[in-house]
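Every chain is numbered from 1, with letters handed out A, B, ... down the list of sequences.
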Number of protein chains: 2
Amino acid sequence: MMRINRRTDYAVRVMLALADHPYGERLSTRFIREKMLVPRAFLERIIAELSKARLILTFPGPNGGIQLNARPEEITLRNIWEAIEGPLLISDCLQSPEECPLHENCPVRDCWGKLQKAMQRELETVTIGYLSHELKKKQALHMD
Amino acid sequence: MMRINRRTDYAVRVMLALADHPYGERLSTRFIREKMLVPRAFLERIIAELSKARLILTFPGPNGGIQLNARPEEITLRNIWEAIEGPLLISDCLQSPEECPLHENCPVRDCWGKLQKAMQRELETVTIGYLSHELKKKQALHMD
DNA sequence: AAAATGCTTACTATTTAAGTAAGCATTAGT
DNA sequence: ACTAATGCTTACTTAAATAGTAAGCATTTT
């Protein structure tokens, strides 16, 4: 039914949790998984993938933890998405048209190509900094 | 990995096959499934769903078949999508925020909400008429 | 009555996603 | 050096969604 991958969802939660604290601050994954309700073993793998993609820095040992490797305004949803699932590809047809059984005149390629482009554009436009900022505005409203 | 549902993909193929012929013309599902490479039993169910959604008219018996129930320019990808899978919903969070374990301050809702809106906008904008027209332009180019 | 079509239901197989368990690797503090 | 706190890795299990198959029913034209 075309749902968001839960791992990607969790990855965004992690990045937003980091962005919610002063830049450069280090959080433990334990803190994050309790706050964001993510099962341990699952989260650890996500952390590892974010780290491989150089979106975060990780430090083992006591006082270890993770921190952002770039300012939140510089990290897009596309960066996170690709760190977890690789490039967005909503139909095989779009990657290798030559393998499409309907060949170069596949009537559907245009259709999904347009949708994918719209999605890509959105993922590139939205940054963690923006989302974090919006979230803080909302939280301020609910204070009263 | 967030792929397009194959049934929706097939449904678009059906609608495009119909739009490729003069408006009002009736095609047999047999013709369509041979042209578009869709397994029979699978296609028949898709046809039935398109019919329930009133996007096509169906006629049994010899000289039966299916035809569009509206001009191609009036049929959007959203119409087809919803006929097959129901409303676009890329995360449960967006439908029922109250059930979200992170409640009203779910940091991820904005994120996927924006993406979903971008997708919805695209699906509403693109019509079968447009796609069919684009396809014919391409086919004309390949003639030489 | 027969043949050509669309329609329905029940089932099976395959793939993907989600989650669990157990233990390893690195580092700070003592 | 030892211990404890952290991140990391691998292998496995379970559950759900997707894709496809089979068999036969229902409706209409000839």
Trainee: With respect to the phosphate group of dA19(D), does any side-chain polar atom (N or O) of N5(B) fall under 4.0 Å of OP1 or OP2?
Mentor: yes
Trainee: Determine whether a donor-acceptor pair (N or O, by modelled atom type, separation under 3.5 Å) exists between the side chain of N69(B) and the backbone of R54(B).
Mentor: yes
Trainee: Are OP1 or OP2 of dC8(D) and a side-chain N or O of T58(A) less than 4.0 angstrom apart?
Mentor: yes
Trainee: Does one side chain, of W112(B) or D9(A), offer a donor that lies under 3.5 Å from an acceptor on the other?
Mentor: yes
Trainee: Let's see if you can work this out: which of dG6(C), dC8(D), dT8(C) has an atom nearest to the side-chain heavy atoms of T29(B)?
Mentor: dG6(C)
Trainee: Do E44(B) and T29(B) get their side chains close enough for a donor-acceptor pair, meaning under 3.5 Å?
Mentor: yes
Trainee: Can you tell me how far P of dC24(C) sits from CD of E44(A), to the nearest Å?
Mentor: 16 Å
Trainee: Using a cut-off of less than 4.0 Å, is there contact between a side-chain N or O of R6(B) and OP1 or OP2 of dG20(D)?
Mentor: yes
Trainee: Can you tell me if R3(B) touches the phosphate of dT16(C), counting only side-chain N or O atoms and a distance under 4.0 Å to OP1 or OP2?
Mentor: no
Trainee: Reckon N63(A) has a side-chain N or O less than 4.0 Å from the OP1 or OP2 of dG29(C)?
Mentor: yes
Trainee: Using whole Å, what does the distance between atom C1' of nucleotide dA4(C) and atom CZ of F31(B) come to?
Mentor: 17 Å
Trainee: Figure out the CG/C1' separation between L43(A) and dT20(C), and round it to whole Å.
Mentor: 14 Å
Trainee: Nearest nucleotide by nearest heavy atom, which residue falls closer to the 5' end of DNA chain D, P60(B) or E85(B)?
Mentor: E85(B)
Trainee: Atom CG of L27(B) and atom C1' of dA4(C): how far apart are they, to the nearest Å?
Mentor: 16 Å
Trainee: F42(A) has an atom CZ; how far is it from atom C1' of dA11(D), in whole Å?
Mentor: 15 Å
Trainee: Using a 4.0 Å heavy-atom cut-off across all strands, classify Y10(B) as base, sugar-phosphate, or nothing.
Mentor: sugar-phosphate
Trainee: Would you kindly compare R40(A) and R40(B) by the position of their nearest DNA chain C nucleotide and give the one closer to the 5′ end?
Mentor: R40(B)
Trainee: Closest to the A48(B) side chain: dG6(C), dA19(D), dC7(C)?
Mentor: dC7(C)
Trainee: Could you tell me the separation between the CG atom of L57(B) and the P atom of dT27(D), rounded to a whole number of Å?
Mentor: 18 Å
Trainee: Looking only at side chains, do T127(B) and E73(B) share a donor and an acceptor under 3.5 Å apart?
Mentor: no
Trainee: Using whole Å, what does the distance between atom P of nucleotide dA5(D) and atom CD1 of I32(A) come to?
Mentor: 18 Å
Trainee: Around atom CZ of R3(B), are there more than 12 heavy atoms of other residues, nucleotides or ligands at under 6.0 Å?
Mentor: yes
Trainee: Let me know the distance between CZ of R45(B) and C1' of dA22(D), rounded to the nearest Å.
Mentor: 11 Å
